[in-house]
Amino acid sequence: MPNPGGASGAPRYPLSEMKRVLGEQAASLIDCIARRAQDKDLPLYLAGGVVRDLMLGRRNLDLDFVVEGDATAFAKSLTIDCGGTLKEYKPFGTATWTLDAPAADKLTLATGETPAHVDFVTARCETYAHPAALPAVSASDIQRDMQRRDFSINALAIQLSPAQRLEILLDGCGGGDDLKRRLIRALHENSFVDDPTRILRAARYASRLEFAIEATTDQWMRAALPLLGRVSGQRLRNEIDLILREGRAGEVTLRLQNMGALAKIHSAFRVNSQLPELIERCNEITPPWPSAVVDRQTLRWITLFTGIDADEAQGVCERLALTNSLTRSITSSARLGAQISRLEYRSLRPSQITKILDEFPDIALQAAWLLAAENPQAQELIAAYASDWRQRVPSTSGNDLKARGMTPGPRYRRILDRLRFAWIDGDVRSVEEERQLLQKLLDAAD
Ligand code: ATP
C-alpha cells in the first residue's frame with residue numbers, strides 16, 4: 001500500500017502505481033482529465049471507492065472525481081474539447097461524462113479498455129434535518145466532502161490538480177490505517193442516525209473486503225437499527241440491489257438478518273438460511289430450456305424472498321418500493337414455490353401439470369427450477385413443461401371450428417384445450433387421431 005511521505009511531508013499516492021493497478025488506458029484518461037484541470041488551476045481529486053481500491057491494489061474503473069468548484073462546468077468543458085456525452089444533475093452539482101469512440105480517439109485511448117463513463121461532483125457538505133432525512137447539500141471543500149462520507153476507507157482522495165499538489169493523498173479520517181487494520185469504521189456517532197442505509201453498506205463492504213466492523217461502529221450501527229423503519233423503500237431497494245450484485249450477497253443478507261436489520265425494514269422480511277447456496281445457483285446455473293433472457297439479478301431478488309411466505313411477499317415488495325414488474329416476478333415465484341412443495345407428482349398427468357404451470361411467467365419457472373435442486377422430480381416436470389408441453393398446440397384452430405359451423409364462444413377454448421391436453425398426455429399422437437377426438441367432442445356436444 002503506497003503511502004510514503006513526499007518532499008512536503010504529505011503522504012502521496014504515485015501515479016505510476018495508479019497505472020500499474022488500473023492499467024495504462026485508465027491511467028491515461030485520469031492524466032488527460034488532470035491536465036485539463038491543471039490548465040484551469042482548478043482543484044481536482046480522485047475520490048472515494050476507487051482510491052480505497054487503489055490502495056488495496058484492486059482494479060476499479062468506477063472513477064469519481066471531486067472538484068472544488070463547478071464540477072458540471074468542468075465536465076462540460078471536457079465534453080466540448082473531447083466529445084462524448086454529458087448528463088448533468090444540476091441540483092446536486094454532479095455530472096456523468098460518457099466516453100464514446102470519437103472521444104476516446106481524441107484522447108488517444110483505446111476504447112473497451114477505458115471506463116465507459118466517469119463521474120464529476122462538486123465538493124460538498126451535507127446536513128440532516130432529522131434522522132434518516134435526505135441531506136441538505138451545499139458546496140464545500142474536499143476536507144468537508146470527505147467528512148460527509150460513510151466510512152473512513154471511503155473518505156480518501158488523491159489530488160490531481162493544481163500541478164504542484166499532484167499525487168497528494170488526503171486521508172484526514174484515518175482510512176489508510178483502517179485499510180491496513182482491515183476495519184469498516186464510521187466517521188462519527190451519528191453516522192447511522194443521519195443515514196441508516198449505511199448499516200446495509202457496512203455489511204456489504206465487510207463481506208466484500210473481508211473486513212471487520214470496528215467495535216464502536218458496530219455499537220452505533222446496532223443502536224440505529226430501529227431507524228431503518230423510517231427510510232424510504234426506494235433508498236432501501238437501491239442498497240439491496242447493490243448487495244445482490246455482490247459475490248457474497250447471501251452472506252451479507254444473512255449478516256443483516258442476524259443483527260435484526262431486515263426485521264426492522266419489514267416484520268415479514270426474513271431470508272432463507274440456505275441463501276448463499278441458492279444465490280450461487282442463480283449466478284452459475286442456467287435452466288435447461290431456451291429462454292429469451294436469463295435475468296440473473298431478478299433471479300437473485302426472487303431468491304431473496306424464498307424465506308417469506310407467499311401471502312406476505314406482496315407487503316415486503318411494497319415496503320421496498322419494487323417496480324410492478326419485479327413485484328410480479330417475485331410474487332408469482334412465491335406462489336409457484338408454495339404450489340410445487342404441495343404437488344403430488346405421481347398422481348398428476350402432464351396436462352394437469354401444464355394447467356398449473358400455464359399461469360406462471362418464464363422467470364418464475366426458471367426460479368422454481370433453480371431452487372428445486374433437492375427435488376429432481378419437480379425439476380424434471382418443470383423442464384418438460386418449459387421445453388415441450390408449453391409449446392404444444394393442436395393442429396385445429398378457432399377458424400377450423402368456425403368452418404364446422406360452431407358459434408364462437410367459450411366452448412372454443414374448452415375444445416381446443418382438450419385437444420392440446422390430449423397431445424400433451426400422449427392420448428393423441430397424430431393429426432388423424434386429433435381429428436377423431438375432435439369429432440367425438442363435437443358429437444358429444446350436439
Ligand atoms: P462500490 O465499490 O460499491 O462501487 P463506492 O465506494 O464506489 O462503492 P458508491 O456507492 O459509488 O460507492 O459511492 C461513491 C462514494 O460516495 C463512496 O465511496 C462513499 O464515499 C460515498 N457514499 C456513497 N453512499 C454514501 C452514503 N450513504 N453516505 C455517505 N457517503 C456515501
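One is the number of the first residue; the rest follow in order along the sequence. The figures that follow rest on heavy atoms only: side chains count, while hydrogens, waters and symmetry mates do not.
- Ion pairing between a basic and an acidic side chain is recognised when a charged N comes within 4.0 Å of a carboxylate O; R144 and E126 show no such pairing.
- Using modelled atom types and a 3.5 Å distance limit, the side chains of D362 and W289 yield a donor-acceptor pair.
- Taking 4.0 Å as the cut-off between side-chain N and carboxylate O, K19 and E17 do not count as a salt-bridged pair.
- A donor and an acceptor atom, one from each side chain of Q297 and R300, are located under 3.5 Å apart.
- Between R181 and D178, at least one side-chain N (NZ, or NE/NH1/NH2) sits under 4.0 Å from a carboxylate O, which counts as a salt bridge.
- In terms of modelled atom types and a separation under 3.5 Å, the side chain of T94 and the main chain of K90 share no donor-acceptor contact.
- Using a 3.5 Å distance cut-off with no hydrogens or angles, the side chains of R296 and T286 do pair a donor with an acceptor.
- One finds the CG atom of L371 at 12.0 Å from the OG atom of S341 (value rounded to the nearest 0.5 Å).
- Between D145 atom CG and T122 atom OG1 the span is 9.5 Å, to the nearest 0.5 Å.
- When the shell of 6.0 Å around OH of Y128 is examined, it contains more than 12 heavy atoms from other residues, nucleotides or ligands.
- A centroid separation of less than 6.0 Å is found between the aromatic rings of F120 and F74.
- The residues R390 and D358 are annotated as not salt-bridged, no charged nitrogen and carboxylate oxygen being separated by less than 4.0 angstrom.
- Within a 6.0 Å sphere centred on CD of Q377, heavy atoms belonging to other residues, nucleotides or ligands number more than 12.
- With respect to W301, the side-chain contact (heavy atoms from CB on, under 4.5 Å) criterion is satisfied by exactly one of D295, L320, T327: L320.
- Side-chain atoms of T306 do not come within 3.5 Å of backbone N or O of I302 as any donor-acceptor pair.
- A donor-acceptor pair is defined here as one N or O able to donate and one able to accept, closer than 3.5 Å; no such pair exists between the side chain of E239 and the backbone of R235.
- Remark: I363 CD1 to I330 CD1 distance equals 10.0 Å, nearest 0.5 Å.
- In summary, the side chains of R149 and N154 do not present any donor paired with an acceptor at a separation below 3.5 Å, with no hydrogens or angles considered.
- Note that CD1 of I184 and OG of S152 are 7.5 Å apart. Values are rounded to the nearest 0.5 Å.
- In this structure, R35 does not pair ionically with D39, as no charged nitrogen and carboxylate oxygen lie closer than 4.0 Å.
- A donor-acceptor pair under 3.5 Å is formed between the side chain of S161 and the backbone N or O of L42.
- The number of heavy atoms from other shown groups lying within 6.0 Å of CD (E380) does not exceed 12.
- For the atom pair E251 CD and L256 CG, the distance stands at 11.0 Å (nearest 0.5 Å).
- Counted by atom type alone, S191 and R198 present one or more donor-acceptor pairs between their side chains at under 3.5 Å.
- Electrostatic pairing of D241 and R237 does not count as a salt bridge here, judged by no charged N lying under 4.0 Å from a carboxylate O.
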